Each structure stands twice: as structure tokens, then as C-alpha cells.
Amino acid sequence: MDLQLSDDQRALRSGMRDLLGAVFDREALRAAVERGGTVDRGLWRELGAAGLFALRLPEEAGGVGLGLPEAVLLFEEAGRALLPGPLVATHLAAGAVEGAAEGEAVVTALEGGGRPVAHLAEADAVLVGPGVLTDPAAALSGSGVRAGSGALTGEALAASVAEAGPVRSLDPLTPLHRAEGIAGAAMGLARGSEAYQVEGLAGAASGLAGGSEAYPGALCREGALLTAAEQLGSATRTTEMAVQHARTREQFGAPIGSFQAVKHLCADMLARTEPARSALYAAALTADPVEIAAAKLLADEAAVRNARDCLQIHGGMGFTWEADVHLHLKRAWLRASRWLTAAESEEILAAALGPSSGPVPPLYSGSAASG
Amino acid sequence: MDLAYTEAEEEFRARLRAWLAAVLPGLPPKPSPDDWPARRAYDTAWQRMLYDAGYAGLHWPVDAGGQGATPTQHLIFLEETEKAGAPYVGANFVGLLHAGPTIAAEGTAGQRARWLPPVLRGDEIWCQGFSEPEAGSDLAALRTRAVRDGDDYVVSGQKIWTSHAEVADWCELLVRTDADAPKHRGISWLAMPMDAPGITVRPLRTPAGSTEFAEVFLDEVRVPVRNRVGAENDGWRVTMVTLSFERGTAFVGEVVACRRTLDALAAEARRNGRWDDPVLRRRLGRLNAEFRALWRLTQANVGESERTGGVPGVGGSVFKLRYSGARQELYEAAAEVLGAEGAFDLDREWVLDRLSSLAYTIAAGTSQIQRNIVAERILGLPKGR
């Protein structure tokens, strides 16, 4: 029983950090902001070559053959570096959507529940998970919908993109589109229009989860877990930024980090990050839906509140476009709404309580998605 | 990264479970919280049972009379005893978790032989004479004086918030042995017999109305010099050893207990209909995340201490800071579950627990002190002036 990283895991993490330092430094980050967060296809291929997307595919399928704990470490680094693009959805689609594993295809996901779709205009495919079930219309069409999960590609995708309206995104690193148009197309998919279905997606995803779970549950759980990993990376980074600033910035003739009021903000940032980290690593090991809900809830909170505290510690310097801290806060807000919201997590965690607690509801059951 | 326990650890768990299942049904009922002699007798009898079964001082080194268990085995012990509803360490707390480990680490062979076996057997209990009215969070500001007179120190001063003082045999006492030295350097650590002339114990009542701790007045109490653990004026360093033990493992069983309480709260809310309130339900769900994460953090800390040779580090401060707040949130939620008809009834266990949870952000280093420790010793921020 040891929640510390193995030597191999440390090497994997530092390899990813080195790679991102080389191909996505601060200059590249600010360039990505300037172009509205669109995906850099060259960088996407480099990430594919490094194994970010194929990490959990078996070696015989051209993958790296590693598991969720390793994926979590890489996504933590991605979150730390504020790496843009639909990283989680593309990773989930590896092995099922052509080109995803290699970084040749950009794959995003429709999660339903009124959530806008990220990076839709650049997407080569859109994963249509059970999130569509949270759409009232989809719920009305009955249980047959569940079997229809797949991916939209080609002409069907192009047609729905043309219908989807762009949203002026709060997060300059994540272009967003309203989901209605694409949800309509997805409904066609859900009703069994063979043309849109991608063979093998269900099999691939359940294989990734290492269990016999149906595709939708595995997709949502893994999406939530990897997003939580990005949040943790961001929370760790904003803590470092805050501490670094507090050590060096002087006011009243002393580093502001010597003032107790500032110290306590920094201490609380670490006290949010470390329990979230332990919860996340345990969730990656168990892939248990309740553990994942706990990890997502705490990582979301750590990312959002640490970014806010980091901005506070930077004072007026923090409240500028030039400071990176607002980019962390905006991504953190957005990620907190992806895959599993706080209200959904809390409902899952509540349902798991008590000697009389029933089975844990599947993620994205209609009742849990009211928030 | 893995969550699997070794075969030996699982065997240890199975053996412990079987023993608990055999002995717990035969235990007498718990005494009233206000009856200190009865509480002492109950707690020390349990300690004796642990001793006879080979579980006493599980995490202590073998040469100190312990079992030399790994931190993971200790974690399993605390988890299983709490899950089985075994008695809490109670009056044996200071001896087993503070004074004993300190003497084991810093004491002479003679001191270890004199003081450690009675702690393990449940023959003697200890209390902690650290805090003073003028020196709580600023522990090094303590004023209780010890003046050397032949083979004795003559001790005068006052200690406060001393748990178990009414029934303790020994007190781990911090005294000032050099008034002129810088405040951290003039302190010594003494083992004071509680039956020595000149000691007056006056119980204090907590907000719960019970007497959980006491004031201890010291009027020219003679303590033999041979009772000093560590060098004269080196008591601050010795104390830091003690405190690291306190923050490292003291709350492990309590996290398990809080998870059980949370399950009970959910069951009660389902029974009385308050479960239908989504605000309350989600609040309980959030607490579930909190205590699961604290349990995982505990496992991570234990893994870390296993790696570093068993000495708990300052990471315990992160845990203590977060846990003490979570415990208070738990009992605030309990009051919601009980509702107005139950939340003001002192005969309800959760109502008393709500009151006692207030101590957690104060005792064993306030949350503010823990934040300073985290900021300065882990994050490396400069000391304040």
C-alpha cells in the first residue's frame, strides 16, 4: 500500500514536463491565447508521438499499454502547463476514432446537460456519450438511446457544425459552440443511424477501463478522472506561482510572504491540493465511481479556489491580462463544469453513504444531472 | 502507486479482526464521561487486554517494549479497532502517543526501563504539562520555573488545559531551566510524579459542561534531576519530537470514526425524511468526499513515513489543518440532520460531539499555528517578524 509514485512513474511525469517545457513554453501559451485557443496541429501530432493519446491502448494495438494512474500523471502535467485542446476526449477516443491515437485527429465530446462543446469547429470527430441522455428529448425516446453512443464524423459532423452557434468563450484557450445543433445530429446517431456509428468504440473503451462496464459509464468516469487530473496540475501550479511571488514581492519593507495573512492563504492552497491529490491517485487506482466523484469535486475546488487565491496574492499585478493567473482560473471554472459537476459529484457521494445506501447511480443518470 | 496490502499485512488484519470479534462482546459498558476514576479504570483495563494479546505499543520499537510494527500495520490496527467499535485509547493517550514515544526516542536505558513498561501494561497513565495561561500557541513562552537544588529541581508555576490530570500518575512537564537563555533554549523536559507535594489540580469545565481537563498549580514541587529526559535546556528539541508524533498518527482512528458517523447521519436523514432536502443531501455527499480524501491522505502519509523510516514529518500539519475543520463541518451537518427537535438535546451523542469538535482547531496547535508551519516549513515562506 503506497500512494507515492514509483520510479517509472516519476520518470514518465518528468518526461512529460520536459516535453511540454520544450514544445509549449510560455511564449507558445501566449501565442495560443492570441489565436483563441485553436489547436496547433503540429503540437497535437507531437503529443500523439509522445504517447499522450495512445497511452492506455495495448501495445499490440500500437499503444503504450499503461494504465489510468499513468494517464493521470500526464494529464496533471497538461493542466499544469495550461495545454489547450480537447485532450481528454481525444485520449478517450484513441483506438476507436481513426487517427486519435497518433494525434492526427482532433476529437471533442458532446456531454449534454446544456454544456457547450469545446473545439467543435476544429474537430474531426465528436464523441457522443451517454451525456445525450440528460437532454430531455433524448430521455423521452427511451432506453434504446443508451446503445447509440458513438462518434459523429464526416458529413454528419460538418452539417451539425454549420448549425451550431459559436459562443464568445470566457476561457481564451477553449473555443465553445452551443450544443443544440450537434445534439440534434447526435439524436440521429442515438436512434441507430448506422452511418454515424464508429465500430468498436464500445469495445475499446470498456477494454481501457479494464472491466466489463458498458462504454458510457467508463467514458464518463475516465473523462471526469482525467479532467480532475488537469485541475490538480493547475492547482499545484497556482500554489507555486503564489509562493514564488510571496517570497520575492516586497511591500512595507518585507517580502509579503512574511505576513501571516498571506502565509495563511498559501497554506490553505496546499491544504486543498494535497487531499485532492491523494483522492485522485486513489481514484486512478480503483476506477471506482464514488472515488472519482470525490476526486473531481475536490480537484475542481482546489483548482478554482487556488487560482483565486493566487490572483489575490498577486494583487494588482494579478488582475491583468498579462498575468497567467486568469488563464488558470478560467480553465478551472470551465473544467469544473465538464463531465461531472459539483452537484452531480455530491449526489453520487451522498448516494454511497450509509448502511442502507443503494447501488451508486450511474454518472449522468437523469436525477443526478439537475445541477 | 498501489493500494494493495501485502499478504503479511492481510494476515495481521485477519488475526486482529478475529481477536477483536472474540473479546469485544465481553467488555463492560462504557463509564459516564464525568466519572474520571471509572474512565481511567476502563481505559487501562483495555490497555491491559491489548498488552496480554501482544498488541500494546504496536508501533513502538521492540527495544522499548513495543511490537516494532510497520506504519502500515499500525494504520491497519487503528482502522480495524475503530471499525470494530473497540474502546478509544482514552486516558492512555499521552503515555502511548506522546510521552512514551518521546522517552523511547530520547530517554536513557534506565528511564525507558522505569517508564515504558507501565504505560504498555496499562499500570500508569500520563498527562501533558505543556500549555500555560500565558503560553498556549506560543509554547516557548512558558514561565514555569525549575531551579536546581542538589539532586532535585524545585518547580513552581502553573499549567492549564491538562487532560487526565485528576487521575494521572505522571506528567510530561516542560519547565524553564534557564531564564536568561533565548526562549527556545532554556527549556527542559521532566517526568513529574503527580503525587508529589505541592501539586494542586483544579478541574475545568468545557462548553459541554464536562470536566475534560484541569488547571495544575505547582508550588515548589521537587522533581529529581534524574527524571529529566534529554539534556538540560534541550527540552524544546525533545518537545518537537513529541509533537511530530502527535500530528503524525493521533487522528487516524478518528477519520475512520468520522466516516462511520457520516454513514449514521445518512441513515438517520433517510429515516426522518431530511434526506429529501437536496441541500443537506449534497452537504453530506461533500463530507463523504472530504473524509475519503483524508483517509487517502493518511494512507499517503503512512506510505511516506514507511519510506523514510517511520518518523512522521511536517506533512501531518496539512492533515491536522484540514481534518479539524472537516470534523466541525461534520457535526454542523449532524445538527441539520437532527433538526430543531434533536439538535438541542444534550442526551444525543452528536450534540455533545458538536461541542467537543470546537476543540479540534485549538488543541494540539491551533489551525493558525498549523498554517504557519505549513507556510514556513513546507512552502518555505519567510518567518514573520
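Just so it is clear: chains get the letters A, B, ... in the order the sequence lines come, proteins before strands, and each one is counted from 1. As the structure is a prediction and not an experimental result, all values here were calculated from the model.
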For the interface with chain A, which of [options] has the highest count of heavy-atom pairs at distances below 4.5 Å?
options	value
B/L265, B/L379, B/T72, B/L294	B/L379
B/P278, B/A269, B/A4	B/A4
B/G303, B/S367, B/A293	B/A293
B/A375, B/A289, B/G380	B/A289

Option that, when pairs with chain B are counted at under 4.5 Å, heavy atom only, ranks first among [options]:
options	value
A/A246, A/A279, A/P275	A/P275
A/L5, A/T239, A/D268, A/V262	A/D268
A/R277, A/E240, A/M269, A/Q260	A/Q260
A/P255, A/A342, A/A267, A/A276	A/A267

Would you mind checking which part of [X] comes under 4.5 Å of any heavy atom in chain A, side chain (CB onward), backbone (N, CA, C, O), both or neither?
X	value
B/L287	neither
B/A300	both
B/W295	neither
B/E268	neither
B/L321	side chain
B/R281	both

Taking the side chain from [X] and the backbone from [Y], do they hold a donor-acceptor pair closer than 3.5 Å?
X	Y	answer
A/E70	A/G67	yes
A/T341	A/S337	no
A/R221	A/P289	no
A/S234	A/E230	no
B/Q370	B/A364	yes

> Which class fits the ring pair A/H91 and A/F75: parallel under 30°, tilted 30 to 60°, perpendicular over 60°?
Replying inline: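 Ring orientation of A/H91 relative to A/F75: perpendicular.
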
>> Is there a side-chain hydrogen bond (donor to acceptor under 3.5 Å, both in side chains) between B/Q368 and B/S137? Walk through the geometry before answering.
In response: CA-CA 9 Å; B/Q368 286 64 40; B/S137 289; over 6 Å; no

> What part of A/Q9 gets closer than 4.5 Å to chain B, counting heavy atoms only: side chain, backbone, both or neither?
Replying inline: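 Contact with chain B is through the side chain of A/Q9 alone.
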
> Tell me, side chain or backbone of A/L73 under 4.5 Å from chain B's heavy atoms, or both, or neither?
Replying inline: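 When you check distances to chain B, only side chain atoms of A/L73 fall under 4.5 Å.
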
>> Can you confirm whether B/E341 is buried at CD, in the sense that more than 12 heavy atoms of other residues, nucleotides or ligands lie under 6.0 Å from that atom?
In response: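 Atom CD in B/E341 is packed in, count exceeds 12.
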
> What residues form a side chain to side chain contact (heavy atoms under 4.5 Å, CB included) with A/E346, not counting sequence neighbours?
Replying inline: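 If we apply the side chain to side chain contact (heavy atoms under 4.5 Å, CB included) test to A/E346, skipping adjacent residues, the hits are A/L297, B/R282, B/R286.
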
>> So, applying side chain to side chain contact (heavy atoms under 4.5 Å, CB included) with A/L349, which one of B/N288, B/L284, B/L262 is it?
In response: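 Checked B/N288, B/L284, B/L262 against A/L349; only one passes side chain to side chain contact (heavy atoms under 4.5 Å, CB included): B/N288.
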
